[in-house]
S.K.: 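Below is a structure I'd like to ask you about.
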Amino acid sequence: MAARTPAPQEPRRLAALTALERKVLWLATWMIHNANHLRPNEDGLKVGGHQASSASLVAVMTVLYFAVLRPQDRVAVKPHASPVFHAIQYLLGRQSREKLENFRGYKGAQSYPSRTKDGDEVDFSTGSVGLGVAQTVFASIVQDYLRAHGWGTERPEGRMIALLGDAEMDEGNIFEALLEGWKQGLRNTWWVVDYNRQSLDAVVREGLYARFEALFRAYGWEVVTLKYGSLQQAAFREPGGEALRDWIDRCPNLLYSALAFQGGAAWRKHLLEDLGDQGPVTALIERRSDEQLGQLMSNLGGHDIPSLLAAFEAIDHDRPVVFIAYTIKGFGLPLAGHKDNHAGLLTPAQMDGFRARMGVRTGHEWDRAEGLPLNEAALDRFLATVPFAARQPRRLPAAPIALPSRLPAPTQREISTQQGFGLILNEIARSDTALADRIVTTAPDVTVSTNLGPWTNRRGLFAQQSVADLFRKERIPSTFTWEFSPAGQHIELGIAEMNLFILLAALGLSHSLFGERLLPIGTLYDPFISRGLDALNYACYQDARFILVATPSGISLAPEGGAHQSMATPLIGMAQDGLAAFEPAFVDELAVILRFAFDYLQRGQGQAGGDPGKPSHDADGGSVYLRLSTRSIEQPQRSIGDALAEDMIEGGYWLRPPGPNAEIVVAYSGVVAPEAIEAVGLMAEDRRGVGLLAVTSADRLHAGWNAAQRAREAGLVHAQSHVERLLADVPRHCALVTVIDGHPATLAWLGAVAGHRARALGVEKFGQTGTIAELYRHYGIDARAIVTAAQSIAPGRPIRHLRAL
Ligand SMILES: Cc1ncc(C[n+]2csc(CCOP(=O)(O)OP(=O)(O)O)c2C)c(N)n1
Ligand SMILES: [Mg+2]
């Protein structure tokens, strides 16, 4: 990026930006005021609108969106600056008045910018503070990954920009991302810290900026501090100016906020108390009216259009940059600086005063040129020159990746799903296909232990610069080669699971952000999903597309101990919107499901037809979670036809169909298949027609069931879901015993589908170590527990084999 020579129309541009800043402040403040459920009563008592929080970023965002940003740049906007974002998009003709009038309302503009819910092309959703910030780091890494692979090079490189609150920096995931960014040679990333020195409850610690500066420098970032606006800089050059600057530098945050809230007269009183009788500085203060003094003192760098413009445009390199923009929370509003202003709203009387100051007539609040010193045509002429607006839409199309009709399944007689996963990926790695080229894998320091080793050996690790594997060069025998190069397809992360999910969010939006489809696969230990859960939720909320392979899982990793056991994850898989969860038992199922996953990832909004008996996500696609295990189990010897494959994808199939007078059905999910099979064998003599139901996805079975019920309630009387079809012929008197190495609630609902009595076995407590047999017995998910449950729920003659167990 070359340094910019000032454009000849500079004064006009500055004037336009200054006018737009007022306009944006008006629209954002009005939008919040107007939101029906937030409008304050006569006492001005309603809260929740964040007028102050949004106001502090108005100047920064005005300069960015109307002057600095290019279409290829991508921005994560601080959650509470959502009204500012929407106001700017409205002026640019990309957001409707109707949505603004319905801000925070049903289907209106969202309280926090949302990729999936807002119409005006939000680049990164925000809301849970810290996550959007980190996503700019990972989006930049994805951009580099694509370009290193020769994709998307016809487009210019974009900058990934985060606008964040100063208290947002408290979130640990930001530090994790900074460290990872440093490791990965981060480029093209700008963060602008809204340094208003206020959080939600409080005023931030003194001297925080110094910690920020040291921190960012340590990670190789350039730090640009925007403390004094141009009025202040001019005043510092006057006689006595140095003393004023010195006073400002020493002023505690709380006092600065309090004086900013009180305004000119208070500034004067305080300044004269501290600096009176000091000659030039006293004269400097006294030369100004109260209003001028107030303006001067609140003219911080983050509110000063010329300083902001100059600072952004001076950056002529691609190293990461943090701008610490000093601001006043609520700048330009009567709530400015008040420590309690976070959720404050202007009272009706304050709103009237503000309206008058902004020159907005009643009934013309939404008029685009209202209050501006230019008419609508002149406004449009200016907006037509705005670089950000040059390209539409911001969402890019990406060609789908062709898939083979089947993935080859490993044929070992005894194997674990985790090994099977490694072997399937190894086979793909050997192939010369678009699928193999577009897969990108990543793991938080568990590449080898989740069986990504063979894939990584073949496809290499990604790095901007090549690094040879020294062990290999030195001829030291090692199973794994760790060759880093720009062509590599595995991104090795440090242990932080938050980073894994945020990277998956960025990789999984590559098609939309950069116009190039990737098929991301992230692996981790199943229990550590919880560590990154909010980031996983964030990735799904943005509709990022990825495959999550979680292994090992449950108590089946037995001797590894309680800390690594997971039992709640099957329920997370069911409950997480945007994520289809599977728990295959056998590797031939896994091959079918993985093939489905690569397809499901690529499905677009409403492409496939909507079947009322299918999970409601089916047409739109989503991400996929595979819960796998390290336990080797005997594999069925079979070939899978299309119908069976379809059943596995739908979520279940009969491994042994129940007889017409069946008294017992055992339904299992995942790695406890051998126990379920054994139990069915043991009961066969004493209970008629025992059935064995393999549940490959409790999530999809349940979602399909709900979708069918909703459809019937809406009048589609013939709608039927897969699980309803599976259980349709199971006699009403038959009982169900369900079993999973996870929380029993995962399958307990099966009894409600067709009104069968049910007993759900699973893991409700965890933490024991031991052999698998010991633990299955301890927690009651072994064959004996299944048979005991069956005997009790489906009384009949004693099950003889039970005594032998
Ligand atoms: C993960 C998470 N925790 C808590 C919140 C609630 N919350 C919203 S904004 C905020 C503090 C904002 O302070 P700062 O980042 O300085 O923003 P400002 O409004 O001052 O610009 C908090 C605690 C949240 N949105 N996300
Ligand atoms: Mg703040």
S.K.: Parallel, tilted or perpendicular: which one describes the rings of Trp190 and Phe312, with boundaries at 30° and 60°?
M.R.: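 The rings of Trp190 and Phe312 lie parallel, inter-plane angle below 30°.
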S.K.: Evaluate the side-chain proximity of Leu524 to Ile529: yes if any heavy-atom separation is below 4.5 Å, no if none is.
M.R.: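 Yes, their side chains come closer than 4.5 Å.
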S.K.: Please walk me through it: do Tyr112 and Ser128 pass side-chain hydrogen bond (donor to acceptor under 3.5 Å, both in side chains)?
M.R.: CA-CA 9 Å; Tyr112 308 131; Ser128 175; over 6 Å; no
S.K.: So, Glu516 and Arg438, do they make that salt bridge, N to O below 4.0 Å?
M.R.: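 A salt bridge links Glu516 with Arg438.
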S.K.: Between Tyr625 and Ile572, is the side-chain contact (heavy atoms from CB on, under 4.5 Å) condition met? List the steps.
M.R.: CA-CA 10 Å; Tyr625 159 36; Ile572 291 172; 5.6 Å; no
S.K.: Could you tell me whether the side chain of Thr126 and the main chain of Gly132 form a donor-acceptor pair under 3.5 Å?
M.R.: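 Side chain of Thr126 to backbone of Gly132, a donor-acceptor pair under 3.5 Å: no, none is there.
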S.K.: Which heavy atom of Asn499 sits nearest to which heavy atom of Asn173, and what is that distance?
M.R.: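 For Asn499 and Asn173, the tightest heavy-atom pair comes out as OD1-O, 4.4 Å.
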S.K.: If the threshold is 4.0 Å, N to carboxylate O, is there a salt bridge linking Lys329 and Asp194?
M.R.: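 Salt bridge between Lys329 and Asp194, a charged N being under 4.0 Å from a carboxylate O: no.
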S.K.: To check you understand the geometry: which heavy-atom pair defines the closest contact between Ala505 and Ala539, and what is its length?
M.R.: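 In this case the closest contact between Ala505 and Ala539 is CB-CB, 3.6 Å.
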S.K.: Between Met160 and Val137, is the side-chain contact (heavy atoms from CB on, under 4.5 Å) condition met? List the steps.
M.R.: CA-CA 7 Å; Met160 304 298 126; Val137 166; over 6 Å; no
S.K.: For Val224 and Val322: C-alpha separation, side-chain torsions, deciding distance, then whether side-chain contact (heavy atoms from CB on, under 4.5 Å) applies.
M.R.: CA-CA 6 Å; Val224 177; Val322 62; over 6 Å; no
S.K.: Between Leu396 and Arg155, is any pair of side-chain heavy atoms under 4.5 Å apart?
M.R.: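 Result yes, sub-4.5 Å side-chain heavy-atom pair found.
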S.K.: Mark yes or no for whether Glu168, through its side chain, and Gly165, through its backbone, hold a donor-acceptor pair below 3.5 Å.
M.R.: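 Yes, the answer is positive, given that a donor and an acceptor are paired below the 3.5 Å cut-off.
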S.K.: Taking atom OG of Ser257 and atom NE2 of His338, what is their separation to the nearest 0.5 Å?
M.R.: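 Rounded to the nearest 0.5 Å, the OG-NE2 separation comes to 10.0 Å.
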S.K.: Please say whether more than 12 non-hydrogen atoms of neighbouring residues, nucleotides or ligands are located less than 6.0 Å from OH in Tyr209.
M.R.: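 Atom OH in Tyr209 is not crowded, with 12 or fewer foreign heavy atoms closer than 6.0 Å.
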S.K.: Restricting to non-hydrogen atoms, name the atom on Leu300 and the atom on Met297 that form the minimum distance, rounded to 0.1 Å.
M.R.: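 Looking at all heavy atoms of both residues, the closest pair is CD2-O, 4.0 Å.
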S.K.: Determine, step by step, whether Arg159 and Thr189 satisfy the side-chain hydrogen bond (donor to acceptor under 3.5 Å, both in side chains) criterion, reporting the C-alpha distance in whole Å, the side-chain angles of both residues, the deciding distance to 0.1 Å, and the verdict.
M.R.: CA-CA 6 Å; Arg159 292 164 299 201; Thr189 305; over 6 Å; no
S.K.: What pair of heavy atoms forms the shortest contact from Ala139 to Phe124, and how long is it?
M.R.: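 Nearest heavy atoms, Ala139 then Phe124: CB-CZ, 3.7 Å.
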S.K.: State, yes or no, whether a side-chain contact exists between Pro552 and His564 at a heavy-atom distance under 4.5 Å.
M.R.: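 Pro552 vs His564: side chains apart.
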S.K.: Quick check for you: to the nearest 0.5 Å, what is the distance between Arg517 atom CZ and Leu146 atom CG?
M.R.: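 Here the interatomic distance stands at 12.0 Å.
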S.K.: Decide yes or no for Arg70 and Pro156: does some side-chain heavy atom of the first lie under 4.5 Å from some side-chain heavy atom of the second?
M.R.: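 Contact flag for Arg70/Pro156 side chains = no.
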S.K.: Mind checking whether Tyr145 and Trp151 have parallel, tilted or perpendicular rings, split at 30° and 60°?
M.R.: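 Tyr145 vs Trp151 ring planes: tilted.
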S.K.: On a heavy-atom basis, which atom in Ala398 and which in His511 lie closest, and how many Å separate them?
M.R.: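 Of all heavy-atom pairs spanning Ala398 and His511, the closest is CB-CB, 3.6 Å.
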S.K.: Out of curiosity, Ile547 CD1 to Thr523 OG1, how far, rounded to the nearest 0.5 Å?
M.R.: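 Result: 12.0 Å between the selected atoms.
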S.K.: Above 12 or not: heavy atoms from other molecules or residues under 6.0 Å from CD1 of Ile495?
M.R.: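 Atom CD1 in Ile495 is not crowded, with 12 or fewer foreign heavy atoms closer than 6.0 Å.
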S.K.: Kindly write out the residues that satisfy ring-ring contact (aromatic ring centres under 6.0 Å, His included) with Tyr195, not counting sequence neighbours, or none if the list is empty.
M.R.: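 For Tyr195, the residues satisfying ring-ring contact (aromatic ring centres under 6.0 Å, His included) (neighbours in sequence not counted) are Tyr326.
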S.K.: Is the Phe462 to His490 ring centre distance short of 6.0 Å?
M.R.: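 Aromatic pair excluded; centres sit 6.0 Å or further apart.
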S.K.: Salt bridge between Arg147 and Glu157, side-chain N to carboxylate O under 4.0 Å?
M.R.: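 Looking at Arg147 and Glu157, the cut-off is met.
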S.K.: Find out whether Gln489 and His149 are in side-chain contact, i.e. whether some heavy atom of one side chain is under 4.5 Å from a heavy atom of the other.
M.R.: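 A side-chain contact under 4.5 Å exists here.
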S.K.: Are more than 12 heavy atoms, taken from residues, nucleotides or ligands other than Trp247, located less than 6.0 Å from that residue's CH2 atom?
M.R.: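 Count over threshold, so yes.
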S.K.: Find out whether Ile439 and Thr441 are in side-chain contact, i.e. whether some heavy atom of one side chain is under 4.5 Å from a heavy atom of the other.
M.R.: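 Yes, side chains in contact.
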S.K.: Any ion pair linking Arg394 and Asp123 (charged N to carboxylate O, less than 4.0 Å)?
M.R.: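 Result for this pair is yes, salt bridge flagged.
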S.K.: Taking all non-hydrogen atoms of both residues, which atom of Ser230 and which atom of Asn299 are closest, and how far apart?
M.R.: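 Looking at all heavy atoms of both residues, the shortest contact is N-OD1, 3.3 Å.
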S.K.: How about CZ on Phe766, more than 12 heavy atoms from neighbouring residues, nucleotides or ligands closer than 6.0 Å, or not?
M.R.: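 No, the 6.0 Å shell around CZ holds no more than 12 heavy atoms from other groups.
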S.K.: Once rounded to the nearest 0.5 Å, what's the spacing between atom CZ of Arg187 and atom CD1 of Ile141?
M.R.: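 Interatomic distance, Arg187 CZ to Ile141 CD1, rounded to 0.5 Å: 11.5 Å.
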S.K.: Show your reasoning for whether side-chain contact (heavy atoms from CB on, under 4.5 Å) applies to Glu497 and Leu533.
M.R.: CA-CA 9 Å; Glu497 284 79 12; Leu533 196 50; over 6 Å; no
S.K.: Are more than 12 heavy atoms, taken from residues, nucleotides or ligands other than Lys339, located less than 6.0 Å from that residue's NZ atom?
M.R.: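 12 or below, so no.
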S.K.: Can you confirm whether the side chains of Ser449 and Tyr525 place a donor and an acceptor under 3.5 Å from each other?
M.R.: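 The answer is yes; a qualifying pair exists.
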S.K.: Please check if any side-chain donor atom of Glu483 sits under 3.5 Å from a side-chain acceptor atom of Asn457, or the reverse.
M.R.: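 The criterion, which ignores hydrogens and geometry beyond distance, is not satisfied for Asn457 and Glu483.
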S.K.: Does Ser54 reach the side chain of Lys78, with side-chain heavy atoms less than 4.5 Å apart?
M.R.: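 Not in contact.
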S.K.: To the nearest 0.5 Å, how far apart are CD in Gln135 and CG in Leu509?
M.R.: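 Between atom CD of Gln135 and atom CG of Leu509 there are 6.0 Å.
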S.K.: Could you tell me whether the side chain of Tyr256 reaches within less than 4.5 Å of the side chain of Ile248, counting heavy atoms only?
M.R.: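 Sidechains of Tyr256 and Ile248: in contact.
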S.K.: Check the pair Asp526 / Gln565 against side-chain hydrogen bond (donor to acceptor under 3.5 Å, both in side chains), numbers first and verdict last.
M.R.: CA-CA 8 Å; Asp526 195 54; Gln565 295 169 357; over 6 Å; no
S.K.: Please report the interatomic distance CG(Leu461) to CD(Glu492), rounded to the nearest 0.5 Å.
M.R.: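 It comes to 6.5 Å.
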S.K.: Flag the pair Asp543 and Arg115 as a salt bridge only when some basic side-chain nitrogen lies within less than 4.0 angstrom of an acidic carboxylate oxygen.
M.R.: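 No, Asp543 and Arg115 are not salt-bridged.
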S.K.: Go through the steps for Ser82 and Gln110 under the test side-chain hydrogen bond (donor to acceptor under 3.5 Å, both in side chains), then give the verdict.
M.R.: CA-CA 7 Å; Ser82 175; Gln110 296 289 301; over 6 Å; no
S.K.: Could you tell me if Arg245 sits above the aromatic ring of Tyr228, with its cationic atom closer than 6.0 Å to the ring centre and no more than 45 degrees from the axis?
M.R.: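 Yes, cation above the ring, under 6.0 Å and within 45°.
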S.K.: Using the benzene-type ring in the case of Trp, are the ring centres of Trp221 and Trp191 under 6.0 Å apart?
M.R.: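 Yes, ring centres under 6.0 Å apart.
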